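Below, chain A is the first sequence line, B the second, and so on; all start at residue 1. Since the structure is predicted, the reported quantities are computational estimates derived from the model, not experimental observations.
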Number of protein chains: 2
Amino acid sequence: MAATMKDIARRTGLGLATISSYFNGGNVREKNRIKIEEAIEELHYEVNEVARGLKTNATRTIGVVIPELNNTFCAEIITGMEDVLRSHGYATIVCDCRTDKKLEREAVEFLIRRRVDGIINMPVDEEGNHLKRFQKMGKPIVLIDRKIQGIDCDSVLVDNKKAAEDAVRYFIGRGHRNIGIIGGPEEVFTAQERMAGYYKALESAGIPVRESLIWHGDYTIQGGVRGLEELVQNNPEMTAVFVTNYEMTMGAMIGVNELGIRIPEQLSMIGFDNLQFARACNPKLTIVAQPTDGIAREVAKVMLNHLENAGETSGELFSEKLETEIIAGKSVRVLA
Amino acid sequence: MAATMKDIARRTGLGLATISSYFNGGNVREKNRIKIEEAIEELHYEVNEVARGLKTNATRTIGVVIPELNNTFCAEIITGMEDVLRSHGYATIVCDCRTDKKLEREAVEFLIRRRVDGIINMPVDEEGNHLKRFQKMGKPIVLIDRKIQGIDCDSVLVDNKKAAEDAVRYFIGRGHRNIGIIGGPEEVFTAQERMAGYYKALESAGIPVRESLIWHGDYTIQGGVRGLEELVQNNPEMTAVFVTNYEMTMGAMIGVNELGIRIPEQLSMIGFDNLQFARACNPKLTIVAQPTDGIAREVAKVMLNHLENAGETSGELFSEKLETEIIAGKSVRVLA
DNA sequence: CTGAAAGCGCTAACAT
DNA sequence: ATGTTAGCGCTTTCAG
């Protein structure tokens with residue numbers, strides 16, 4: 001069907017090695033280079049990366065396993081990573097595992113069969129069993145948003161504890177003491193960290209933690225709606241609420257609208273991620289913003305490092321912790 | 001490195017053909033089947049899809065080329081497609097071309113080198129030159145959101161003209177006559193169709209079209225902000241505005257907030273896509289909703305049809321046009 | 001039902 | 001610098 005190197009060899013009268021050398025940056029006599037390029041043009045030749053992959057045992061393909069593509073945070077990170085990976089000649093196969101451990105494991109097996117050169121994973125299974133086999137093959141893994149005991153690999157994290165601490169302190173500094181939190185799933189690492197930050201900020205301000213002010217959500221829009229409704233209903237004295245991811249922030253705003261609560265007069269709020277959404281809220285929402293683009297580029301960079309330097313980097317594990325930022329809106333009232 | 005079929009053959013004492021037959025649904029004697037399965041287990045064997053792809057000239061991989069992964073509409077469609085494709089054993093390589101024709105062409109060439117079995121494309125280049133070579137290879141293409149003259153292939157569309165017509169009629173039916181529109185890029189097909197619907201609704205109601213009420217945006221958030229500001233400034237008498245995609249809808253809400261305009265008292269609005277965002281707006285936004293999940297599943301289905309049936313379907317081109325729906329909020333005022 | 005052998009398109013010694 | 005050749009891991013005739 002498609003033209004092969006053999007066709008080019010025949011057409012130019014050159015040997016296969018010369019053609020291959022041409023494609024791999026070797027030295028080719030000027031005259032022959034021109035002949036080869038003419039042949040490529042006329043035959044519409046395109047390198048067959050599948051054959052190359054079989055031979056070199058490197059597919060120039062990276063597998064990405066994430067909990068939800070439909071989650072803005074994930075989508076933004078993938079956009080950034082794919083951009084830099086493709087510009088280096090790497091393809092990205094994205095697998096959305098729907099926050100399901102079984103699907104996550106299947107995704108990794110799927111990627112192993114396709115012989116990807118590396119896996120980038122925002123892990124759902126905190127045990128990391130799904131990654132063990134891939135790691136034994138000696139191929140690089142980069143984790144996003146959490147480390148896993150027993151999987152020695154690079155990771156790019158965000159300082160989620162501090163992020164939450166900052167947010168709660170922001171409330172406290174403006175006179176709030178009855179501060180609610182809509183947290184994430186208890187088994188999710190980022191959710192644990194954000195919750196820890198909430199505790200820490202309260203404790204260091206000498207404010208007792210009250211269970212009724214804590215809602216464990218599921219990082220979904222509907223979870224945010226529900227969480228807001230419950231917190232408001234159970235805590236008439238609550239003056240502020242911190243929502244710990246974007247989807248739930250959107251849900252909390254929906255809840256606020258549907259209950260007819262006025263922000264910030266009746267309730268102050270700090271949300272998470274997505275500055276544009278925050279701006280579109282009325283009044284503009286104060287949020288904790290993660291450096292998504294920074295994470296994406298960092299992850300891609302770390303992965304490329306492994307791939308291009310091969311054995312060299314094998315020494316120490318890389319692990320960076322990026323900082324978040326509070327972007328002030330008008331959703332937090334200053335109490336007398 | 002990893003175990004191969006040869007290893008299994010050696011370990012079981014069987015021939016390669018038997019092992020291959022086992023993997024491809026052929027008949028294998030019960031006793032041998034068990035032996036093979038034991039060997040697979042012990043050797044942690046995983047089929048090498050790369051080698052298989054070289055031999056069969058089919059990679060079980062689909063390329064997807066879209067203008068912006070970071071656009072919710074695209075992200076939702078990809079989520080849905082990837083789900084059904086992977087469940088049929090197909091990998092998806094997503095290429096975000098940043099709404100750039102040159103990058104779009106490069107993406108297709110990239111996918112050709114990787115010998116994908118089919119391409120799904122939400123095209124940026126309306127000429128379709130980027131797809132010609134792939135089509136000549138006899139492999140299937142499915143287009144989303146627009147057809148291209150000269151590229152005979154299946155397509156899944158949305159009735160965008162009717163979508164806009166419905167929205168504008170919704171305004172007219174509630175007494176509005178000075179209706180603005182924040183349109184998309186003039187060269188983009190969906191934007192043309194939505195604009196055409198705007199014209200048609202006005203004309204059939206006998207309302208003259210006024211240029212000052214039309215803003216040509218660029219489908220970005222910032223474009224929406226700008227469009228709203230300009231329309232409001234240039235049209236004091238405007239009572240309603242229709243925004244024609246999600247990003248610009250968000251932008252328009254930002255503009256509304258930043259200008260301190262009250263909805264619907266001072267201005268009525270109908271947005272596009274993303275029901276959840278609409279619910280999070282205060283007051284709840286009335287929107288035109290596209291059946292994203294329906295589109296995603298349809299596209300994947302059509303592609304799989306080609307792939308699994310091979311030559312059979314080559315007859316007629318498939319082209320479905322899905323309907324949108326207006327989801328009422330409280331952002332449209334009824335004029336006396 | 002199973003074994004032997006050819007070959008998919010490429011790369012990488014090795015020889016010239 | 002260029003030609004020759006083996007072989008990556010699999011599928012697929014063709015025999016047996």
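- With rounding to whole Å, B/I36 atom CD1 is found 12 Å from C/dC1 atom P.
- Each of D/dC10, C/dT11, C/dG3 was ranked by its minimum atom distance to the side chain of B/M5; first place goes to D/dC10.
- Residue contacts shown for B/L14 are limited to sugar-phosphate atoms, with no base heavy atom under 4.0 Å away.
- Taking a cutoff of 4.0 Å between a charged side-chain nitrogen and a carboxylate oxygen, B/R297 and B/D293 qualify as a salt bridge.
- One interatomic measurement links the two molecules: CG of B/N57 to C1' of D/dT11, which rounds to 12 Å at whole-angstrom precision.
- If you check every strand for non-hydrogen atoms under 4.0 Å, B/V50 touches nothing.
- Of the side-chain N and O atoms in A/N24, one or more sit less than 4.0 angstrom from OP1 or OP2 of C/dT11.
- Considering CZ of B/R33 and CD of B/E38, their distance stands at 11.0 Å, rounded to 0.5 Å.
- In this model, the phosphate group of D/dC8 is not approached by any side-chain N or O of B/N48 to a distance below 4.0 Å at OP1 or OP2.
- At D/dC10, one or more side-chain N or O atoms of B/Y45 fall inside 4.0 Å of OP1 or OP2 (strictly under the cut-off).
- The pair A/D83-B/R98 meets the salt-bridge criterion, with a side-chain N (NZ, NE, NH1 or NH2) lying under 4.0 Å from an Asp/Glu carboxylate O.
- Cation-pi geometry between B/R114 and B/F110 is met: the NZ or CZ atom falls under 6.0 Å from the ring centre, inside 45° of the normal.
- Rounded to whole angstrom, the span from the NZ atom of B/K6 across to the P atom of C/dA4 amounts to 13 Å.
- A straight line from CG of A/L43 to P of C/dG9 spans 14 Å, rounded to a whole angstrom.
- Residue A/R29 places no side-chain N or O under 4.0 Å from the OP1 or OP2 atom of D/dA1.
- Summarising the geometry, the separation between CZ on B/R52 and C1' on D/dG9 is reported as 11 Å, rounded to the nearest angstrom.
- The distance from atom CD of B/E298 to atom CD1 of B/I77, rounded to the nearest 0.5 Å, is 12.0 Å.
- One can place CD1 of B/I19 at 10 Å from P of C/dT2, the figure rounded to the nearest angstrom.
- A/D7 places its CG atom 13 Å from the C1' atom of C/dC10, with the value rounded to the nearest Å.
- Here D/dT12 is the nucleotide among C/dT2, D/dG9, D/dT12 with the atom lying nearest to any side-chain atom of B/T56.
- For B/K55 against C/dG7, a side-chain-to-base donor-acceptor contact under 3.5 Å is present.
- Remark on DNA chain C: of its neighbouring residues B/G13 and A/V47, the 5'-side contact belongs to B/G13, judged by nearest-heavy-atom nucleotide.
- A salt bridge is defined here as a Lys NZ or Arg NE, NH1 or NH2 lying under 4.0 Å from an Asp or Glu carboxylate O, and A/R52 with A/E49 meets this definition.
- Residue A/N27 places at least one side-chain N or O under 4.0 Å from the OP1 or OP2 atom of D/dA1.
- For A/A17, the listed nucleotide lying nearest its side chain is C/dA12; candidates were C/dA12, D/dT12, D/dT2.
- Using a 4.0 Å heavy-atom cutoff across all strands shown, B/S20 reaches at least one base atom of the nucleic acid.
- Computed from coordinates, the A/L16 CG to C/dT11 P distance equals 10 Å when rounded to whole Å.
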